[in-house]
Amino acid sequence: MRATAVVLNGILARGRAWVSRIQSRRSRSHRKRQDAARRRECSLAEIVGADAGETFARRMAYLRTLDPLVFEELVLDAFQKKGWIVERNRRYSGDGGLDGKVFMDNRWRGIQCKRYKGPIQTAHAHKSNHGCKSSWISTWLFLFLTVHYHG
């Protein structure tokens, strides 16, 4: 019985993800940002430094220049390319809430993307966690991009 529930959850998750993808592509602003995220992914892959450390630093600097909503789409695309089931939002809320959801280990996990110039404050993660209005989301995945400037 348990195996049947797991399979059913996976099927339902794929259906929700498919519907969310169709709905998000209907929105001109979503479509524009999703297309931009794909182009930025190609640009990101072309950035190369003298060594691995410099390549990483240059790529992080590039990510800091992206529009925040394009960055969110880029992160969701990355999860999808790694084989995870991704549910996209119908609209961009701008309220600090969920940026999307990923189905992992037979449960939905909320995705919150943030980019910071300095150190990450615990209060930021705590504040976002309280913004979760959906009790069915078991875990939040916080993706913080920090860039430290020396100089």
Side-chain angles (χ1 to χ4, degrees), residues 1-48 52 55-117 120-147:
M1 181 66 179
R2 175 85 173 125
T4 305
V6 169
V7 170
L8 183 59
N9 280 343
I11 292 170
L12 292 173
R14 280 180 175 73
R16 285 179 56 168
W18 180 78
V19 168
S20 76
R21 180 68 176 189
I22 297 297
Q23 288 174 339
S24 72
R25 291 296 291 177
R26 284 184 182 167
S27 166
R28 186 170 151 221
S29 65
H30 271 66
R31 192 170 49 252
K32 177 181 147 186
R33 288 183 176 96
Q34 289 167 2
D35 294 344
R38 283 191 201 89
R39 289 190 305 272
R40 299 309 182 270
E41 180 186 4
C42 293
S43 299
L44 189 63
E46 293 172 357
I47 297 172
V48 179
T55 298
F56 178 78
R58 287 183 178 191
R59 288 179 179 176
M60 291 299 108
Y62 178 75
L63 289 172
R64 288 280 315 138
T65 66
L66 297 181
D67 172 80
L69 300 177
V70 172
F71 177 70
E72 289 176 16
E73 293 293 347
L74 187 66
V75 169
L76 293 173
D77 284 348
F79 275 104
Q80 201 166 7
K81 286 183 182 189
K82 288 295 182 182
W84 300 108
I85 299 169
V86 173
E87 183 177 353
R88 295 172 186 275
N89 292 335
R90 291 183 181 174
R91 60 187 169 99
Y92 297 115
S93 62
D95 64 358
L98 285 176
D99 295 328
K101 299 173 201 98
V102 176
F103 193 73
M104 297 176 160
D105 302 324
N106 206 37
R107 64 175 85 141
W108 287 102
R109 299 176 190 266
I111 300 294
Q112 178 64 47
C113 303
K114 294 289 182 199
R115 298 179 306 170
Y116 288 96
K117 290 182 183 176
I120 301 166
Q121 303 296 319
T122 306
H124 295 147
H126 191 31
K127 178 183 173 190
S128 293
N129 197 21
H130 286 298
C132 182
K133 297 175 181 72
S134 302
S135 60
W136 53 269
I137 296 174
S138 61
T139 308
W140 278 63
L141 298 176
F142 291 93
L143 303 170
F144 293 98
L145 171 62
T146 62
V147 178

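Values below: every heavy atom of this structure, side chains too, minus hydrogens, waters and symmetry copies. It should be emphasised that the depicted structure is a prediction, and the values quoted were computed from it without experimental measurement.
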Next on the checklist: Here's a test for you: under salt bridge (charged side-chain N to carboxylate O under 4.0 Å, His left out), which of R88, R33, K32 qualifies with E73?
Outcome noted: R88

Checklist entry - Crowded around R38 CZ? As in, over 12 foreign heavy atoms under 6.0 Å? => result yes

Checklist entry - Okay, side chain of T65, backbone of Y62: is any donor-acceptor separation there less than 3.5 Å? => result yes

Item to check | Heavy-atom pair of closest approach, residues V75 and I111 | outcome: CG1-CG2, 4.4 Å

Item to check | Sidechain-backbone polar pair: R59 side chain, I47 backbone, donor-acceptor under 3.5 Å | outcome: yes

Item to check | Backbone of V102 reached by a side-chain donor or acceptor of R109 within 3.5 Å | outcome: no

Checklist entry - Could you go step by step and tell me if M60 and F56 meet the side chain to side chain contact (heavy atoms under 4.5 Å, CB included) rule? => result CA-CA 6 Å; M60 291 299 108; F56 178 78; 3.7 Å; yes

Next on the checklist: So, taking the atom named CD in E87 and the one named CH2 in W18, what distance separates them when rounded to the nearest 0.5 Å?
Outcome noted: 13.5 Å

Item to check | Residue pair A17 / I85: nearest heavy atoms and the distance that separates them | outcome: CB-CG2, 3.4 Å

Next on the checklist: Set out, in order, the CA-CA distance, both residues' side-chain angles and the distance that settles side chain to side chain contact (heavy atoms under 4.5 Å, CB included) for L44 and L63, then state yes or no.
Outcome noted: CA-CA 8 Å; L44 189 63; L63 289 172; 4.0 Å; yes

Item to check | Between CZ on residue R16 and CZ on residue F103, distance to nearest 0.5 Å | outcome: 9.0 Å

Checklist entry - At what distance, to the nearest 0.5 angstrom, does CD of Q34 lie from CG of D77? => result 7.0 Å

Checklist entry - Can you check side chain to side chain contact (heavy atoms under 4.5 Å, CB included) on L66 and L74, steps first, answer last? => result CA-CA 10 Å; L66 297 181; L74 187 66; 3.9 Å; yes

